[in-house]
Amino acid sequence: MKILITGFDPFGGEKTNPAIESVKRIDENIEGAEIYKLEIPTVFHKAADKIEEKIKEIKPDVILSVGQAGGRYDLTVERVAINQDDARIPDNEENQPIDVTIREDGKNAYFATIPIKAMVEEIKKENIPASVSNSAGTFVCNHVMYQDLYLAEKYGNIKAGFIHVPFLPEQVLDKKDTASMSLDDIVKGLNAAVRAIVKYADKEDLEITGGATH
């Protein structure tokens, strides 16, 4: 099995991004799966173009993208991506689409095709907080998750999904009462998430609650 894992470069004035820093440190082989790593720009459409190039090159079985969700305290496995860009801030090339459709020929939304609940449970086994998230936002993270799932359908037989990770401790020195997580724990959690993807490659996801009241 080949798993392509992507992580964003720094954005929004931050000097680092826990997404790419953790992706760089993920194990090279997990449960027999070959791990391919890719840094992507925090830029609408350019990120997807880079992912598509890599899909053509390595023909992965799974695409897992990782992004920063500053303010969240746990690793959050995303359930759904919507066909809409609505950027609160500009991306790294000053693009700021507002109420723009990502793919005119795409579905209104795509649901993750990786075992999101099994991933959450595997992460928790490492004593790292994790949960299912029902919104990936409307910035470049949602954009990339949507594009991953669109491309997975386009190229066939590829599973795809997205995980958000918290700030690193050094990113919250000037952000009072803002959650963070050590890089070591983020990496440990991502390795666990990938283990679940491999273990459940031919199984149905766990049928346990992962919902929210709001």
request  = Test side chain to side chain contact (heavy atoms under 4.5 Å, CB included) on L64 and M119 and set out the steps.
outcome  = CA-CA 12 Å; L64 177 64; M119 292 165 69; 4.3 Å; yes
message = Please determine whether side chain to side chain contact (heavy atoms under 4.5 Å, CB included) holds for the pair N17 and D9, giving the CA-CA distance in whole Å, both sets of side-chain angles, and the decisive distance to 0.1 Å.
response = CA-CA 6 Å; N17 190 327; D9 63 2; 5.7 Å; no
Check against side chain to side chain contact (heavy atoms under 4.5 Å, CB included), M1 and V198 = CA-CA 8 Å; M1 177 184 286; V198 179; 4.0 Å; yes
task = Determine, step by step, whether V132 and K117 satisfy the side chain to side chain contact (heavy atoms under 4.5 Å, CB included) criterion, reporting the C-alpha distance in whole Å, the side-chain angles of both residues, the deciding distance to 0.1 Å, and the verdict.
result = CA-CA 7 Å; V132 171; K117 294 183 178 180; 4.1 Å; yes
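With a 4.5 Å cut-off on side-chain heavy atoms, M181 and I128 count as touching. Taking the side chain as every heavy atom from C-beta outward, I55 and P60 approach each other to under 4.5 Å. Taking 4.5 Å as the limit, some side-chain heavy atom of I197 sits within range of a side-chain heavy atom of P115. Side-chain contact between V43 and V140 is absent, with no heavy atoms from C-beta onward closer than 4.5 Å. By the 4.5 Å heavy-atom criterion applied to side chains, P166 and L75 are counted as neighbours. Inter-residue side-chain proximity for K37 and I26 is flagged as met; some heavy-atom pair is nearer than 4.5 Å. By the 4.5 Å heavy-atom criterion applied to side chains, R79 and S135 are not counted as neighbours.
Under the 4.5 Å side-chain heavy-atom criterion for grouping Ile, Leu, Val, Met, Phe, Trp and Tyr, V77 is not connected to I82 through any hydrophobic cluster. Using a 4.5 Å cut-off between side-chain heavy atoms of Ile, Leu, Val, Met, Phe, Trp and Tyr, with links allowed through other members, V62 and I158 fall into different hydrophobic clusters. Cluster membership check: M145 shares its hydrophobic cluster with L151, using side-chain heavy-atom separations under 4.5 Å among Ile, Leu, Val, Met, Phe, Trp and Tyr. Using a 4.5 Å cut-off between side-chain heavy atoms of Ile, Leu, Val, Met, Phe, Trp and Tyr, with links allowed through other members, Y155 and Y36 fall into the same hydrophobic cluster. Under the 4.5 Å side-chain heavy-atom criterion for grouping Ile, Leu, Val, Met, Phe, Trp and Tyr, I20 is connected to V194 within one hydrophobic cluster.
To the nearest 0.5 Å, atom CD1 of residue I58 and atom CD1 of residue I63 are 8.5 Å apart. A distance of 9.0 Å separates CD1 in I186 from CD in Q68, rounded to the nearest 0.5 Å. Once rounded to the nearest 0.5 Å, the distance linking CZ of F8 with CD1 of I40 reads 4.0 Å. Taken from CG in L173 to OG in S180, the straight-line distance is 8.5 Å, to the nearest 0.5 Å. Remark: I35 CD1 to I30 CD1 distance equals 4.0 Å, nearest 0.5 Å. Rounded to the nearest 0.5 angstrom, S22 OG and K188 NZ are separated by 14.5 Å.
No more than 12 heavy atoms of other residues, nucleotides or ligands lie within 6.0 Å of CG in N108, so this atom counts as exposed by the packing criterion. Around atom CG of D202, no more than 12 heavy atoms belonging to other residues, nucleotides or ligands sit under 6.0 Å away. Surrounding CG of N157 are at most 12 heavy atoms belonging to other residues, nucleotides or ligands under 6.0 Å away.
Taking the ring centre of Y200 as origin, the terminal cationic atom of K203 falls inside the region bounded by 6.0 Å and 45° from the ring axis. A cation-pi arrangement is present between K175 and F167 under the rule of less than 6.0 angstrom and at most 45 degrees off the ring axis.
With no hydrogens or angles considered, a side-chain donor-acceptor pair links D74 and S131 at under 3.5 Å. Side-chain N/O atoms of T6 and S65 include a donor and acceptor closer than 3.5 Å. Side chain to side chain, N83 and Y110 fail the donor-acceptor criterion of an N or O pair below 3.5 Å. A donor atom on one side chain and an acceptor atom on the other are found under 3.5 Å apart for Q147 and R103. Side-chain contact annotation: T138 with Q84, donor-acceptor N/O pair under 3.5 Å absent.
A salt bridge between E93 and K46 is present, with a side-chain N of the basic residue lying under 4.0 Å from a carboxylate O of the acidic one. Between K50 and E39 there is no salt bridge, since no side-chain nitrogen of the basic residue lies less than 4.0 Å from a carboxylate oxygen of the acidic one. Of the charged side-chain nitrogens involved, at least one lies within less than 4.0 Å of a carboxylate oxygen, so that R195 and E122 count as a salt-bridged pair. Comment: E78 engages R72 in a salt bridge, judged by a side-chain N to carboxylate O separation of less than 4.0 angstrom. Using a cutoff of 4.0 Å between basic side-chain nitrogens and carboxylate oxygens, K15 and E170 are not scored as salt-bridged. Between K54 and E57, at least one side-chain N (NZ, or NE/NH1/NH2) sits under 4.0 Å from a carboxylate O, which counts as a salt bridge. Look at K24 and E21 and you find a salt bridge, because one of the NZ, NE, NH1 or NH2 atoms lies within 4.0 Å of a carboxylate O, short of that distance.
A distance-only check finds no donor-acceptor pair linking the side chain of Y150 to the backbone of I102 [under 3.5 Å]. Of the possible polar contacts, one joining the S182 side chain to the D185 backbone as a donor-acceptor pair under 3.5 Å is found. The closest donor-acceptor contact from the side chain of E14 to the backbone of F11 lies at 3.5 Å or more, if one exists at all. In this structure, N142 contributes its side chain and A81 its backbone to no donor-acceptor pair below 3.5 Å.
Between F139 and F44, the ring planes lie perpendicular to each other; the angle is over 60°, past the 30° to 60° tilted range.
Here the closest non-hydrogen pair linking I123 and A130 is CG2-CB, 3.6 Å. Pairing each heavy atom of A160 with each of L149, the nearest pair is O-CD2, 3.5 Å. Between A179 and G71 the shortest heavy-atom distance is CB-O, 4.1 Å. Taking every heavy atom of both residues into account, I3 and A33 meet most closely at CD1-CB, 3.9 Å. Summarising the geometry of G210 relative to N134, their closest heavy-atom pair is O-ND2, 4.2 Å, with the distance given to 0.1 Å. The two atoms that bring N92 and G12 nearest to each other are OD1-N, 4.3 Å, heavy atoms only.
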